[in-house]
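Worksheet: one structure, shown below.
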Amino acid sequence: MGDARMGPYFFGGMLSSAGVWIHNIVSAIVVFEATGSARLVGLVSVLQFAPTLLFGVALGGLADRVDRRWLMIGGQTLAGGAAATLAVVMWSSPPRAGPVLLAAAVIGVGNAVNGATVQALLPSLVPRVDLDGALVLSTLTFNLARAFGPAIGAFALVIGGAGPAFAFNAGSYLLLAAILILIRPLGPTRASKDDDRSLAGGLRFVRRDPVVRNLLLCAAVAGLAVDPVVTLSPSLADAVGGGDTLPGLLTSAFGVGSLLTVGFITRAKRRYGLKRVAATAFLALGGGMVCVGLATTEVWLIASMALAGTGFLANSTSLTGMLQRLVPNHLLGRVMALWSVAFMGSRPAGALINGTVADLVGPRPAAALVGVVTLLVPIALLRRVPAFTDEP
């Protein structure tokens with residue numbers, strides 16, 4: 001695809017994503033075992049994603065004023081340092097919730113920087129004709145990591161403890177930072193000095209374009225739909241009498257479900273258009289979460305997570321592809337930062353709601369409620385979105 005040097009970038013991205021998922025599931029298990037509270041498990045997600053909600057728009061403006069590649073290197077290094085510190089703490093003392101929560105807050109700042117940058121950086125790393133394939137490949141590496149990372153993390157926790165799992169995450173962050181230093185972009189990694197680079201300029205663009213607004217709202221619903229995969233996995237596993245490895249298997253099942261769609265996503269988008277693929281993906285994502293809420297056995301639970309996962313890859317690439325077609329390059333950092341705020345910034349509220357509902361009435365009703373919202377809301381929002389095709 002375009003430049004052969006992109007191979008290390010996508011490989012590094014896959015390892016970094018695997019590290020994140022290993023970290024996420026181990027953090028969830030450690031906090032749940034230490035406290036027995038799904039609400040505190042949700043607090044991990046709140047701390048990790050709150051920086052995106054609070055600072056994502058400002059970071060998007062920064063991404064349109066400075067070199068996006070070096071901004072992302074800074075975010076990777078900050079998150080890697082926090083993960084390394086947590087690994088040392090967990091190696092030297094019994095697992096506790098406090099250090100996990102503190103590390104989640106610092107890693108969240110690094111992830112907010114990365115989230116505001118990575119989607120805007122990608123068009124400068126590949127030729128325009130390869131952008132759609134790069135989007136699919138980028139999301140594919142994320143889902144490969146999601147498929148294997150959580151299961152590896154759960155088994156690593158059982159076999160070696162939390163320290164090695166967190167250390168792997170630290171190394172994966174720093175490896176991607178090193179790869180980004182070596183890569184030479186094909187296009188500009190910042191906006192022209194003549195363009196309006198103010199935050200107000202990006203917000204005005206979104207306010208004036210109802211299609212962009214609806215796509216960002218869809219991204220927020222997608223973020224809400226994905227949250228139970230981490231926040232509720234420990235309590236869902238406990239509800240069906242599963243062992244310590246089941247939360248990792250549930251999260252991995254979601255990733256495996258995404259991988260099942262890889263072979264026909266591009267063809268489906270070219271034949272039916274991005275809008276129809278996104279709508280169908282929301283049906284799979286929401287329907288799967290409803291099935292998660294109805295599941296009473298381990299097998300049913302794993303299969304339902306896989307069903308929900310089949311909608312994620314098509315959903316993410318379709319929404320991102322439509323936005324990148326609509327947004328000019330000089331606004332891309334700010335608008336894609338808003339996409340990150342919508343997708344990841346909805347996670348703190350979702351995690352608190354899901355954790356609280358799970359503690360009050362059980363994790364299955366919490367998952368089912370998310371599924372119903374995911375089925376109903378995006379269909380209404382997508383009605384005002386044009387039928388984009390997947391052609392460059």
Locate the shortest heavy-atom distance separating [X] from [Y]; write the atom from each residue and the value.
X: Ala368; Y: Val290; result: O-CG2, 4.1 Å
X: Ile107; Y: Ala79; result: CG1-O, 3.8 Å
X: Ala177; Y: Ile73; result: O-CG1, 3.9 Å
X: Pro51; Y: Ala105; result: CG-O, 4.0 Å
X: Val113; Y: Leu71; result: CG1-O, 3.2 Å
X: Leu224; Y: Gly350; result: CD1-CA, 3.6 Å

Report task. Assess whether side chain to side chain contact (heavy atoms under 4.5 Å, CB included) is satisfied between Val240 and Thr297, documenting all intermediate values. Result -> CA-CA 6 Å; Val240 297; Thr297 67; 5.9 Å; no

Is a side-chain N or O of [X] found less than 3.5 angstrom from the main chain of [Y], in a donor-acceptor match?
X: Ser304; Y: Trp300; result: yes
X: Arg69; Y: Ile181; result: yes
X: Gln76; Y: Tyr173; result: yes
X: Asn169; Y: Ala83; result: no
X: Ser235; Y: Leu232; result: yes
X: Thr251; Y: Val229; result: yes
X: Ser318; Y: Asn315; result: no

Separation of [Y] [atom2] from [X] [atom1] (nearest 0.5 Å):
X: Phe254; Y: Ile302; atom1: CZ; atom2: CD1; value: 15.0 Å
X: Thr374; Y: Leu369; atom1: OG1; atom2: CG; value: 9.0 Å
X: Phe32; Y: Asp238; atom1: CZ; atom2: CG; value: 4.5 Å
X: Leu174; Y: Leu15; atom1: CG; atom2: CG; value: 12.5 Å
X: Leu250; Y: Glu298; atom1: CG; atom2: CD; value: 8.5 Å
X: Leu301; Y: Cys291; atom1: CG; atom2: SG; value: 11.0 Å

**Report entry** Arg213 atom CZ, over 12 foreign heavy atoms within 6.0 Å
**Finding:**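 Count over threshold, so yes.
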
Give the cluster check for [X] versus [Y]: same hydrophobic cluster or not, with ILVMFWY residues linked at side-chain heavy-atom distances below 4.5 Å.
X: Phe282; Y: Leu323; answer: yes
X: Ile25; Y: Met90; answer: yes
X: Val373; Y: Met289; answer: yes
X: Leu102; Y: Val89; answer: no

